[in-house]
Visitor: 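What follows is a single structure, and I will ask about it in a moment.
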Amino acid sequence: MSSGPDLASLGWGAGWDAAFRPHREAGLTPGRVVVQHRGEWDVFTEEGEVRARVPGRLRHEAASTADLPVVGDWVALEEPRRGRATILAVLPRQTSFSRRAAHDPGSQATREQVVAANVDVVFVTASLADDVNARLLERYLTLAWESGARPVILLTKADLEPDPDRVASEVEAIGGTVPVHAVSARTGLGLDAVRAHVPAGITGALLGPSGVGKSTLVNALVGEERLATGSVAEDGSGRHTTTRRELVLLPGGGIVVDNPGMRELHLWVADEGLEDAFEDIAALAAECRFSDCRHEGEPGCAIEAALADGRLAPERWQSYRDLQRELAELEEKLERRERSRARRGRPGAGSA
Ligand code: GDP
Ligand code: ZN
C-alpha cells in the first residue's frame, strides 16, 4: 500500500514528531511540501504524493504570505485521499530562506518572501572558471547564516583550475570555520564530499550566481536515479505523476531543494550589493539636481555630465543599467506572484 518514501528519509525526526503531536491527536497526517504551485502544493506523505490546498480560512488568518506553505515545509494534512488533501497547519520552521523587499515603497514594510524552509545545509557556490569574488561570497555566507542553515562552500568547475587546492585554502580564510570543497561535475572530483554533507534525512540547497554549475551538480548527485526517484509519485490509482519536484531525493539518502526561488536569491544578493559595487554611480546620482532624477535628459543631471566628460565610462553605466533592469523585472515577477496568491486568499476563493 505504502508507495511513498518513509518520513525519516524525508528528514522527519524526534523534533518534528514532538511538534506534530497535537495534530496527530487531531487525526491529521504529516507531509513535506515538494512543489509549490499557484494556490496548490504537492506534498510527500508516507502514503504517497498528494495535491493539497489550503482552506480559505487559513489563508485569511495568515498574517502574510510568509505563513503559507513553501517547499521544504512540514505540514499537517486532513484526510489525504485519492491524491488530494487539505493542509490545516504548517509546522514551525527550523530554518528559512527569505528576503524582505527592501526598496518597495508601494507595499507594507513587513512583506517577506520565504522561498524554502527547513534546509539544513546550504552549499554556497562559486566557479573556479572565474576569479572568486570575496565580497559576493561573504554576502552569500551572511544569507546562509541568517537562514539558520549550515553553510558549506563549493568551488565548482575545478577541472578548469590548475590548482584548486590553492584557491580552496585562500577561500577558507574568507569563510572562517566553513568547510570548503573544490568540486567538478565533469570529473566527479569532490562529489563524495558533497554527499557526505547531505546524508539520509538531511536537506541541502544550492546558492550562487547562475552559470556556476548548480543544476549540473544536482544532476551529478542524482545520477541515473533521477527517474527512479520520480516514481515515488505513483499513487494507489496507478496514475503516474510526472510533475517536477523541487525537493529532490538523492539515491544515497539526502534531499536537495532545487527551486526557482532559491535561484532568485542570487539576484537579491546582487541587489544588496548593487550599491556597494557601484559606489561611484551612487555618489554621482546623489549630485543630480532632482532627487528622483532618471538620468534621461533632466536638467542638472550629474550622471549625464560625467558621461559627457569621460568621468563615467559608458560600459560601466550600461552594466549598472542592465543589472538594475534585471532586478526590476524580478521585482515585478515577484509582485505578480504575490498578487495572484493574495487574490486566491480572498474569502470564498478557497476550497473551505
Ligand atoms: P547553474 O545556472 O548554476 O545551474 O549552472 P549550470 O548547471 O546550468 O551550468 C552552467 C554551465 O557550466 C553549463 O554549460 C555546464 O555544462 C557548465 N558546467 C557545469 N559544471 C561544470 C564542471 O564541473 N566543469 C565544467 N568545465 N563545466 C561545468
Ligand atoms: Zn541624473
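Remember, it's 1-based here, ligands and their atoms both numbered in the order they're listed. In this chain, numbering begins with 1 at the start of the sequence shown. What's counted below: heavy atoms across the whole structure, side chains too, no hydrogens, waters or symmetry copies.
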Visitor: For residues L128 and L160, determine if any side-chain heavy atom of one lies less than 4.5 Å from a side-chain heavy atom of the other.
Guide: no
Visitor: I need the I255 CD1 to L247 CG distance, nearest 0.5 Å.
Guide: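 If I round to the nearest 0.5 Å, the distance is 6.0 Å.
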Visitor: List the protein residues in contact with ligand 1, where contact means a heavy-atom separation under 4.0 angstrom.
Guide: K157, D159, L160, S184, A185, R186, P209, S210, G211, V212, G213, K214, S215, T216, R263
Visitor: How many protein N, O or S atoms sit closer than 2.8 Å to the Zn ion (ligand 2)?
Guide: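 Those protein atoms number 4 in total.
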Visitor: Scan the side chains in residues 25-32 for donor-acceptor partners under 3.5 Å anywhere in the protein, sequence neighbours excluded, and list what turns up.
Guide:
| from | atom 1 | to | atom 2 | distance (Å) |
| --- | --- | --- | --- | --- |
| R32 | NE | G72 | O | 2.8 |
| R32 | NH1 | L10 | O | 2.8 |
| R32 | NH1 | T203 | OG1 | 2.8 |
| R32 | NH2 | G72 | O | 3.3 |
| R32 | NH2 | N118 | O | 3.0 |
| R32 | NH2 | T203 | OG1 | 3.3 |

Visitor: Taking NZ, NE, NH1 and NH2 as the nitrogens, is one of them in D280 or R311 under 4.0 Å from a carboxylate oxygen of the other?
Guide: no
Visitor: Should the ring pair W16 and W74 be called parallel, tilted or perpendicular, given that the plane angle runs from 0 to 90° and is split at 30 and 60?
Guide: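 Judged by the thresholds at 30° and 60°, the geometry between W16 and W74 is tilted.
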Visitor: Determine, for R81 against E47, whether the closest basic-nitrogen to carboxylate-oxygen distance falls under 4.0 angstrom.
Guide: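 Judged by the 4.0 Å cut-off on N to carboxylate O distance, R81 and E47 do not form a salt bridge.
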Visitor: Kindly assign one of parallel, tilted or perpendicular to the pair W317 and Y320, based on the angle between their ring planes and the thresholds 30° and 60°.
Guide: parallel
Visitor: With sequence neighbours excluded, what pairs up with E170 under the side chain to side chain donor-acceptor pair (under 3.5 Å) test?
Guide: R166
Visitor: Verify, without hydrogens or angle tests, whether E138 (side chain) and I174 (backbone) share a donor-acceptor contact under 3.5 angstrom.
Guide: no
